[in-house]
Amino acid sequence: MALKNKFSLFDVINYTVLTLFTLACIFPFYYLFINTISNNDLSSRGLIMFYPQEIQFSNYKHVFQIPGLTLAAGVTVARTVIGTALTVVASGLLGYLFTKNEMWGRRFWYRFLVITMYFNAGLIPWYLTMRNLGLTNNFLAYIVPGIVSPFFIILVKTFVESTPVALQESAQMDGAGYMTIFWKIVMPLITPILATITIFSAVGQWNQFYDTLFLVTDSKLFTLQFILWRYMNEALSVAEIMKQSSGGALRANLSIMPTPTSIRTTVSIIVVIPILLVYPFFQRYFVKGIMIGAIKG
Amino acid sequence: MSTGLAKIPEHPARRRDRYQLKGKYKLFLIALPFLVLVFLFSYLPLYGWIYSLYNYFPAIPLSQSEFVGLRWFTMMFSNEVQRDEMMRVLRNTFAISSLGIVTSVFPVIFAILLQEIRSTKFKRLVQTFTTLPNFISWVLVYSFAFMMFAVDNGFVNNLLLRLGWIDTPLNILASDNHTWLAMTLWGVWKGLGWGAIMYIAAITGIDTELYEAARVDGAGRFKQIWHITVPGIIPTYFVLLILSIANFINNGLDQYFVFANAMNMSNIEVLDLYVYNIGMANSNFGFATAVSIMKSLVSLFLLFLANGMSKVVRGESII
């Protein structure tokens with residue numbers, strides 16, 4: 001069709017608008033990155049704007065000399081891996097259980113669960129409860145409260161309902177118990193939705209910030225997000241770190257001497273890198289996830 | 001799998017019934033530990049509502065705290081200073097939520113614009129990069145904001161200074177100008193690409209024959225968008241609109257917490273941040289809990305309202 005090849009004014013505007021917004025979305029990532037790998041002196045004077053200059057990687061070496069940062073990275077990885085694994089298994093299991101009509105009080109318990117998505121007691125009662133349960137300054141506070149997630153369970157339940165019942169029934173006839181059916185038959189069927197949940201849950205754990213803010217004062221349990229937040233807010237703590245992290249010899253060399261900006265940007269990039277690395281792989285999964293979620297709300 | 005069925009001699013239905021009868025409590029028992037967790041983290045905190053009836057301080061046990069009845073509740077609106085404060089916080093909450101609802105059409109427009117792009121490569125590129133901000137934390141967004149807009153050596157200020165458009169750097173982050181709008185725009189920056197995914201999927205679901213038929217009938221591009229694409233998206237839009245009504249007063253804490261500073265506090269303090277500030281920062285647990293309770297009750301009301309609307313509009317409930 002001749003019409004298809006015409007590039008109208010609308011197309012020009014459309015391409016321009018979308019290009020500008022896309023640039024606005026990725027430029028901050030790029031801008032921070034080029035500042036972390038450039039001469040720190042130029043960077044701190046605001047001279048690194050569109051491309052890196054005098055490339056060096058000392059900032060990445062320096063931030064890992066900051067006391068506590070490696071530990072925080074470890075804590076963050078641990079909560080992400082353990083938290084995600086438990087959440088995925090629990091979501092799979094509960095999503096499956098709630099498709100079983102014969103479960104005692106199924107409708108009631110399902111509502112009992114789903115209503116918590118929309119209604120909560122509020123921040124202070126939640127905080128006091130966590131404290132009474134001994135979940136302050138406790139690694140479990142990062143894991144246990146997130147194990148049961150109504151949204152993920154809805155996703156799984158909807159997905160299980162779309163798989164053929166005959167498979168489960170024939171296994172029943174062979175005498176398989178519920179748990180056997182879950183592990184051997186249901187789990188392999190629902191891997192696509194479990195992949196989606198793994199991604200959502202892992203990103204959520206990695207990005208979680210306010211549980212540390214409320215529940216943790218012990219610096220051994222700080223997470224990367226929390227440390228980044230502190231660097232953004234407490235100029236003092238950054239200055240302190242700068243003193244500790246670089247030896248006296250380094251201080252003479254302005255180009256690689258850590259600055260508040262270099263520490264902030266470098267930690268930011270470290271926090272975002274894992275997300276960027278897994279992003280291309282999980283991109284195809286989340287569309288499916290969000291669609292199922294939307295249907296059921 | 002069908003060989004499994006073949007082995008069954010007779011009465012498969014009866015056998016299934018027996019299986020299900022046995023399963024009744026077994027299934028419940030498997031679920032029980034998880035239901036206990038739900039109780040602990042979502043229902044037990046409701047007990048904490050009694051703190052709103054006491055003059056409670058963290059170090060002193062509740063039994064030794066002064067019982068004040070409904071004083072915290074009446075205090076919210078009884079004296080003038082407090083009333084003004086509540087009105088300010090409510091105004092912020094309503095303004096930011098309303099702007100959020102207004103901007104909720106942006107993802108729709110974005111999806112339509114993207115649909116009109118013919119190059120698949122460009123389309124995928126745009127989608128990939130615009131969805132990315134959804135996956136970073138608000139702390140990181142603030143870190144970006146700081147680097148881009150800081151008063152000394154922020155990218156935007158440096159650019160404008162170099163271009164000669166301004167003489168003195170603008171202090172965009174620590175200012176109270178257009179705080180509501182700025183918060184909304186950050187929300188758009190972070191959520192637009194992600195929000196569009198569902199509409200893009202909705203558009204993909206539209207029967208292409210409709211477009212062909214319209215073209216045969218002489219409908220141009222804009223007529224096709226208006227008469228086919230838009231109606232195809234509307235049902236999805238309604239679902240999300242209803243959900244956003246249910247969450248009208250739940251702005252969340254993260255974004256406002258990280259962007260708040262002494263300069264913009266009076267306009268950025270939404271209910272969630274206010275509860276944090278009086279409760280966690282000022283240790284006025286009783287009053288903070290009272291405000292929390294009011295908030296929970298109002299959002300419960302909004303949930304039922306949204307649910308009712310959903311039933312009327314699409315004949316299906318959201319809970």
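Just so it is clear, the values below take in all heavy atoms, side chains as well, and ignore hydrogens, waters and symmetry mates. Protein chains get the first letters and strands the later ones, always in sequence-line order, with residue 1 at the start of each. All figures in this text were calculated on a predicted structure; none of them were measured in a lab.
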Under a 4.5 Å cutoff for heavy-atom pairs, which residue among A:S44, A:A121, A:G122 has the most contacts with chain B?
A:A121
Hey, could you give me each pair passing salt bridge (Lys or Arg N to Asp or Glu O under 4.0 Å) that has a residue in residues 134-148 of chain B? Not counting sequence neighbours.
none
Between A:R264 and B:F146, is NZ or CZ placed under 6.0 angstrom from the six-membered ring centre and within 45° of the ring axis?
yes
Heavy-atom distances under 4.5 Å only: say whether B:F149 touches chain A with side chain, backbone, both or neither.
neither
With a 4.5 angstrom heavy-atom cut-off, which part of A:R45 approaches chain B: side chain, backbone, both or neither?
backbone
If you compare all heavy atoms of A:L135 against all heavy atoms of A:A141, which two are closest, and at what distance to 0.1 Å?
O-CB, 3.2 Å
Are the aromatic ring centres of B:Y142 and A:W229 under 6.0 angstrom apart?
no
Cationic tip of B:K295 above B:Y274 ring, under 6.0 Å, 45° of axis
no
As an exercise: rank A:P125, A:P150, A:A90 by heavy-atom pairs under 4.5 Å with chain B and give me the winner.
A:P125
Closest-packed option against chain B by number of heavy-atom pairs under 4.5 Å, given A:L32, A:L113, A:I275:
A:L32
Set of residues satisfying side-chain contact (heavy atoms from CB on, under 4.5 Å) with respect to B:Q115, sequence neighbours excluded:
B:K123, B:I203
Using the rule given for side chain to side chain donor-acceptor pair (under 3.5 Å), can you reason through A:T129 versus A:N132, listing the C-alpha separation, both sets of side-chain angles and the distance that settles it, and then say yes or no?
CA-CA 5 Å; A:T129 307; A:N132 291 338; 5.7 Å; no
By number, which residues in residues 284-291 of chain B have some heavy atom less than 4.5 Å away from chain A?
B:F285, B:A288, B:T289
Applying ring-ring contact (aromatic ring centres under 6.0 Å, His included), can you list everything that pairs with B:W49, at least two apart in sequence or on another chain?
none
